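Have a look at the structure below before the remarks.
Bear in mind that the values here come from a model prediction, so they are computed numbers and not experimental data. Every chain is numbered from 1 and lettered A, B, ... according to where its sequence line falls, protein lines coming before strand lines.
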Number of protein chains: 2
Amino acid sequence: MAHLPSLQHPGFNAGVPMPTFHSSERTEQALALSEAFCRARGARLTPIRRRVLELLHSAQKPLGAYDLVELLGSQGHRMAPITIYRALDFLIEQGLAHRLASRNAYIASSSLTGARTTTAVLICEVCGDVSEVASPDVAETVTKVLREQGYQPRSRILEITGRCSHCRDDH
Amino acid sequence: MAHLPSLQHPGFNAGVPMPTFHSSERTEQALALSEAFCRARGARLTPIRRRVLELLHSAQKPLGAYDLVELLGSQGHRMAPITIYRALDFLIEQGLAHRLASRNAYIASSSLTGARTTTAVLICEVCGDVSEVASPDVAETVTKVLREQGYQPRSRILEITGRCSHCRDDH
DNA sequence: TCACATAGGTTATAACACTACATATTTGAA
DNA sequence: TTCAAATATGTAGTGTTATAACCTATGTGA
């Protein structure tokens with residue numbers, strides 16, 4: 001194994017960005033936007049948090065907290081689960097990531113709308129594929145129901161299960 | 001499927017003690033309906049499954065699997081967690097109960113519509129209060145989104161987080 | 001520069017869920 | 001009626017996910 005960048009003793013808010021692995025351009029772009037987003041809100045996207053977010057963006061599927069422990073561990077200092085959970089808590093708080101409760105897994109948010117919007121996530125029950133859709137209709141209907149019931153709207157994520165177009169019965 | 005009468009939801013309230021050992025009339029009614037429902041479908045509502053369902057109906061809040069282990073254990077022979085999980089699997093399969101993934105907890109279904117409908121569950125993020133609402137609008141919108149995305153609709157439960165009328169900011 | 005808030009490290013454990021296999025009970029067809 | 005198959009439960013152990021408690025390091029601002 002070649003020399004790998006280490007996350008050991010990273011320092012906080014280091015001026016120089018961490019070197020990263022095979023991040024796609026799209027991922028880089030998302031990270032740049034996230035950084036600007038956090039800076040604007042006075043939130044600190046530290047190296048660990050940034051790295052977790054990067055992995056979530058790079059992954060083609062939802063990642064479990066312990067997947068992240070493995071991934072990060074294989075690239076340097078192995079972190080305790082609690083460290084990952086704390087990073088995830090931050091990212092979710094900022095609306096940069098979502099927790100998929102039905103799968104005990106986490107995904108990067110596909111848009112930087114902040115934490116207070118309704119997001120629908122379609123989960124294929126066959127292949128596990130996940131796609132985030134912005135549906136004003138669903139958001140609106142949900143808001144209406146919340147209001148009718150006297151509920152105060154909050155950031156929320158709708159996990160909707162079905163079979164994706166590739167896994168349908170009729171294919 | 002025959003249209004079965006809907007059970008009135010009690011309206012879960014915060015700070016209520018754990019369920020009693022004596023079933024309310026409402027619970028008895030729900031169990032009688034569930035029995036008929038299962039009989040009609042050739043499903044076996046065994047004593048264990050019936051007891052779990054009874055506890056879920058009696059409870060004023062979602063119960064965790066291990067809550068059920070405790071409750072059942074305190075009333076007789078202590079069962080292994082797997083026994084509870086198997087009973088829950090059955091109840092969910094039949095649409096008699098729902099799993100709230102976001103809370104790792106289970107509730108009795110408030111209506112006997114079977115497992116293949118869209119149900120919305122409102123969860124108060126402050127007091128943990130849960131109420132199940134039948135919203136044709138939400139169900140319809142969700143179905144539409146699924147169709148637009150090429151997803152094949154499936155049984156699903158929407159967990160919607162907010163603040164209930166008692167826990168709103170403006171109170 | 002120093003007090004305070006925030007981020008992360010370390011160790012341990014809590015909480016939730018299931019595997020594998022044995023035994024018991026029910027069902028339905030011969 | 002009988003018996004093989006399917007279903008339901010018992011038992012022991014393990015896997016997986018998430019957090020508690022306490023400490024150290026770093027960033028922030030008066």
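A straight line from CZ of B/R86 to P of D/dA12 spans 13 Å, rounded to a whole angstrom. Spacing between atom CE of B/M79 and atom C1' of D/dA8 amounts to 12 Å, rounded to whole angstrom units. Between the OH atom of A/Y85 and the P atom of C/dG9 there is a distance of 16 Å, given to the nearest Å. When rounded to the nearest whole Å, the span between CG of A/L72 and C1' of C/dG8 equals 14 Å. Rounded to an integer number of Å, the gap from B/R103 CZ to C/dA17 C1' is 19 Å. In this structure, B/I82 atom CD1 and D/dA8 atom C1' are separated by 12 Å, rounded to whole Å. Protein atom CZ of A/R78 is 14 Å distant from nucleotide atom P of C/dG9, rounded to whole Å. Between the CZ atom of B/R51 and the C1' atom of D/dA8 there is a distance of 19 Å, given to the nearest Å.
Close to C/dG9, at under 4.0 Å from its OP1 or OP2, lies a side-chain N or O of A/T83. The phosphate of D/dA6 has neither OP1 nor OP2 within less than 4.0 Å of any side-chain N or O from B/R44. Regarding contacts with the backbone of C/dC16, every side-chain N or O of A/N104 stays at 4.0 angstrom or more from both OP1 and OP2.
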Report task. Just do the side chain to side chain contact (heavy atoms under 4.5 Å, CB included) check on B/L71 and B/L63 with the steps written out, would you? Result -> CA-CA 10 Å; B/L71 285 167; B/L63 297 179; 3.9 Å; yes

Report task. Starting from the C-alpha separation in whole Å, work towards a yes-or-no answer on salt bridge (Lys or Arg N to Asp or Glu O under 4.0 Å) for B/K144 and A/D137. Result -> CA-CA 9 Å; B/K144 198 179 118 211; A/D137 283 357; 2.5 Å; yes

Report task. Take B/L53 and B/S34 through the test side chain to side chain contact (heavy atoms under 4.5 Å, CB included) and record every step on the way to the result. Result -> CA-CA 9 Å; B/L53 182 58; B/S34 301; 3.6 Å; yes

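Of the charged side-chain nitrogens involved, at least one lies within less than 4.0 Å of a carboxylate oxygen, so that B/E35 and B/R50 count as a salt-bridged pair. Taking a cutoff of 4.0 Å between a charged side-chain nitrogen and a carboxylate oxygen, B/E70 and B/R78 qualify as a salt bridge.
Both A/A80 and B/P81 lie close to DNA chain C; mapped to their nearest nucleotides by heavy-atom distance, the more 5′-ward contact belongs to A/A80. Comparing A/D89 and B/A87, the nucleotide of DNA chain D nearest to each residue sits closer to the 5' end for B/A87.
If you check distances only, the side chain of B/Y66 does reach the base of C/dA17 with a donor-acceptor pair under 3.5 Å. Put simply, the side chain of A/R49 and the base of C/dG8 share no donor and acceptor less than 3.5 Å apart.
Counting non-hydrogen atoms under 4.0 angstrom, A/R99 reaches the backbone sugars and phosphates but no base.
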